[in-house]
Asks: 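I have a structure I would like to understand better, so I am pasting it below and will then ask my questions one at a time.
In listed order, ligands and their atoms are each counted from 1. Predicted model, so just to flag it, every value in this text is computed and none were measured. Computed over heavy atoms, backbone and side chain alike; hydrogens, waters and symmetry mates excluded.
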Amino acid sequence: MPTTMPDVANHSSATTEGVLDWVGMSHIELPLMFSVAGEAPRQVSAKVEAFVNLKDPKAKGIHMSRLYLLLDQLSTESSLSFASLSQLLNEFISSHEDLSTHAFVKFDFELHLRRKALITEKQGWKAYPVTITGQLKEGKLGVEMKVNVPYSSTCPCSAALARQLIQEAFVAKFAGHQQVSAELVKDWLGTTQGIVATPHSQRSIAEIKVQLNNKVADFPVIALIDAIEDALQTPVQAAVKRADEQEFARLNGQNLMFCEDAARRLKHALNQLSEFDDFWLRVNHYESLHAHDAVAVTVKGVSNGYHA
Ligand SMILES: Nc1nc2c(ncn2[C@@H]2O[C@H](COP(=O)(O)OP(=O)(O)OP(=O)(O)O)[C@@H](O)[C@H]2O)c(=O)[nH]1
């Protein structure tokens, strides 16, 4: 290695001067331990974005290696928790004395959770996309957790239209009868001529962002996912035997949902959770009736908080 190497970031000036809002790296590959509330830390495989601002208009650039090595240290010596995230952002700034006053980091990964079947004793894995974002600006720390939860939504309008067709089929079949036996009707209901129409349902995704406060040590991601799934009642399943599938059919029938219904259920559930200062949510119903989707967005409604 030559004794001295050119150091462009330190010793040359910007050809065109100007401050920059964010400079850094995206798509950094980083396995790390993720501190989940109520459980031992889990290894996850994250893609990371790391940024600082460049407040010196003349400086050539930031020191990317310093951000990268701080992330590497987090990966190899620590785990991602509220405290380590806060420390990381402070170190992003302290490693860029005179250059930066703001720091931003975003971790994207999948969190695999064991999920129980609805009726049987079976279990299986479900992978939930999770994003943890931290920002430190003028000494003010913001930590956000985002999770995507897939579920099934059955259209209430389609269900009502299907019921009407079933009633019409019943009249067409039995109108001429003075009396019909319960056994005969039961058998007829068990045929496709009896249940002549079925409502459509769709795989749907609830995207939820919450702002965490420093009362949180580890990330309450499982509590958040559980609250979302409890509110919706029809989460996409992992292990499924026929008894579980039948229960899923019942739950879909008893929880008919437009996207508005799903969004209101989630808003109500999130308002009950005290650990989140603010939330933003978007539900996407990937329609099977249309090629386009039904979407609803709402926020908690905190002043200076999330906008829809
Ligand atoms: N600032 C900046 N650096 C870049 C960019 N693309 C690649 N790099 C490289 O990032 C590398 C690391 O930069 P520094 O962190 O300044 O590396 P260093 O000078 O060895 O580290 P220090 O001694 O800590 O300053 C350099 O080799 C740059 O060439 C870019 O667009 N901007």
Asks: Nearest protein heavy atom to atom 16 (O) of ligand 1, by residue and atom, and its distance?
Replies: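 Protein heavy atom at minimum distance: His63 ND1, 2.9 Å.
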Asks: Classify the ring geometry of His285 against Tyr151: parallel below 30°, tilted from 30° to 60°, perpendicular beyond 60°.
Replies: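 His285 vs Tyr151 ring planes: perpendicular.
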Asks: Is the shortest distance from atom 29 (O) of ligand 1 to a protein heavy atom below 4.0 Å?
Replies: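 Within 4.0 Å of atom 29 (O) of ligand 1, no protein heavy atoms are found.
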Asks: For atom 23 (O) of ligand 1, find the nearest protein heavy atom and state the residue, atom name and distance (0.1 Å precision).
Replies: Arg66 NH2, 4.1 Å
Asks: Which atoms from ligand 1 have a heavy atom of Ile62 less than 4.0 Å away?
Replies: 1 (N)
Asks: Does a donor on one side chain and an acceptor on the other come within less than 3.5 Å for Ser152 and Asn252?
Replies: yes
Asks: Is atom 1 (N) of ligand 1 less than 4.0 angstrom from some protein heavy atom?
Replies: yes
Asks: Is it the case that the side chain of Asp244 and the backbone of Ile119 share a donor-acceptor pair, with hydrogens and angles ignored and the cut-off at 3.5 Å?
Replies: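 Checked: pair present.
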Asks: Look only at the side chain of Asp278 and the backbone of Tyr306, and say whether a donor-acceptor pair between them is shorter than 3.5 Å.
Replies: yes
Asks: Aromatic rings His112 and Trp125: how do their planes relate, parallel, tilted or perpendicular, breaks at 30° and 60°?
Replies: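 The arrangement is perpendicular - the two ring planes meet at more than 60°.
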Asks: Nearest to atom 19 (O) of ligand 1, what protein heavy atom do you find, and at what distance?
Replies: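 Of the protein heavy atoms, Asp7 OD1, 3.5 Å lies nearest.
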Asks: Kindly assign one of parallel, tilted or perpendicular to the pair His292 and His290, based on the angle between their ring planes and the thresholds 30° and 60°.
Replies: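 Judged by the thresholds at 30° and 60°, the geometry between His292 and His290 is parallel.
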Asks: Quick one: does atom 11 (C) of ligand 1 have a protein heavy atom under 4.0 Å from it?
Replies: no
Asks: Would you say His63 and Leu99 make side-chain contact, with heavy atoms under 4.5 Å?
Replies: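 They are in side-chain contact.
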Asks: Which residue and non-hydrogen atom of the protein lie closest to atom 15 (O) of ligand 1, and at what distance in Å?
Replies: Ser65 OG, 2.5 Å
Asks: Which residue owns the protein heavy atom closest to atom 31 (O) of ligand 1, what's the atom, and how far is it?
Replies: Met64 CE, 4.1 Å
